[in-house]
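Reading through the C-alpha cells given below for one structure.
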Amino acid sequence: MISGFRAMEWAGSSDGRPLLRLIDQRKLPARVEYVECRTSSEVAEAIRNMVVRGAPAIGAAAAFGLVLGAMEAAAEAGTGGSLEAIREGFEARCRTMAGTRPTAVNLFWAIERMRSRFEALLPLGAQAMVDGLESEARAIADEDVSVNRRIGEIGAAVVRDGDGILTHCNTGSLATVGYGTALGVIRAAREQGKQIRVYASETRPFLQGARLTAWELLQDGIPVTLITDSMAADAMKRGLVQIVVVGADRIAANGDVVNKIGTYAAAVLARVHRIPFYVAAPLSTIDLKVARGADVPIEERPASEVTHIFGVPVAPEGVEVLNPAFDVTPAELVTGIITERGIARPPYHLSLPALFRDGP
Ligand code: MRU
C-alpha cells in the first residue's frame, strides 16, 4: 500500500475460505469498488476483463488465482484422490489463466513459478501443496513491492531536480502489487526531494493515464499535468519534458520494448527532441526467449473501446477499427532499461543477459 489503497488483497472471507479482493480498475476514478474472486476462474475473468491490469499486477493476481485453482483441483480429486487427478485439475487452471491476456510476460512467468512449486510439493500431499503454493503467491506479491522499491531507488538517479517527466499508461500501485515501476521511479525521485512535474498522457482508448495515473499521483501529492496523447510532441517542443519514463509488458532479448499502445510514438518524439527515453521494469518482464519485439503476440482488443467512451458512441456505427493494446518500441530508441539489478544500456543483447548472470 502506498497511496492509501490496496489494489490487491489476499484475504479470508466470512466463511474462512480465502479470496482475492481486487480494486475494480474499470470504475476508477469515479468509484472505488472491489471485486471479490473466490474461484480461479473468477480471477481469470478479472484479468481478462481488466478489473486488474498492468504486467506485474496480472502476474501476482494469477499466482493467487492458482492457489484457488490448486484448492479446487484437490477438492475435485476428493479424499485419497490420485496425485495425477490433482495435477490434471491444476494444469487445466494454468491453461485458463494463461489464456487471459497474451502480451505481458509476467503472467506466464508467474504461472511457471507456481507450476514448478506445485510439482515440487505435490508428492508431499494435497494440503502441503496448497499451503506451499499460498506461500509462493505471497512471496511473488511481496517481492514485487521490494523489487519496485529498488527500481525506484536506482531509477531516481536519472531524474534531475526540476525535470518534467512524461509517462504513459499506468505503472503505479494499481499496475503492480505496490509502489510501481515507472511511477516507482517518479515516487522515489520525489521522496529524494526532487522538484518534478509529471506529464501523464491519457492513454487512449482505455485511459489508464487519465483515469489511473492522474488519480494515483494526485493522491500522493506529486505534481501532475494530464495531456492527451496527441499533445506529447507539443509539450516536448515547448520544453516541458526533460525525460520520458514508461513501463513494459515484455522486453525482448534485443531490447525491443513491448508496452501500451502509444509508447512507440512517445519514443520517436523523444528521439526527435533529444530527450532521454527510459523504461522501468522488473527482470520478470524481460523475456530472453523472445529474440525481437516483433515475435511478441500483441493483444487486439474490442473495437468498442475505440468507438465508444463509457458507452457513448464517438464514431459512426460500422466504421472499421484497429485496436492493438500494445506496440513495439525498437531498442535503438531506448536510452536505458531500469531494473532491480541496475540500468541496462545498449547494446541490449549483451546488457540484458548480464543482468541475469549477476548475483542478487
Ligand atoms: O493493458 P494494460 O493496462 O494491462 O497495459 C499496461 C501497460 O502497458 C503498462 O505500461 C505495463 O504493464 C507496465 S505496468 C508496471
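Whatever order the structure lists them in is the order used to number ligands and atoms, beginning at 1. Residues take their numbers from the sequence shown, with the count starting at 1.
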Residue among R150, R113, R149 satisfying salt bridge (Lys or Arg N to Asp or Glu O under 4.0 Å) with E143: R113
Neighbouring residues of ligand 1, heavy-atom cut-off under 4.0 Å: M50, R53, G54, A55, P56, R101, C169, N170, T171, A175, T176, T181, Q208, A248, D249, N259, K260, F326
Can you confirm whether the side chains of R211 and N170 place a donor and an acceptor under 3.5 Å from each other? no
If we ignore angles and hydrogens, is there a donor and acceptor under 3.5 Å between the side chains of N148 and T181? no
Can you give me the closest heavy-atom contact between F108 and R250, atom names plus distance? CE1-NH2, 3.8 Å
Pairwise side-chain contact, L68 with E42, heavy-atom cut-off 4.5 Å (strictly under): no
Looking at L333, V246, L166, which one forms a side chain to side chain contact (heavy atoms under 4.5 Å, CB included) with F277? V246
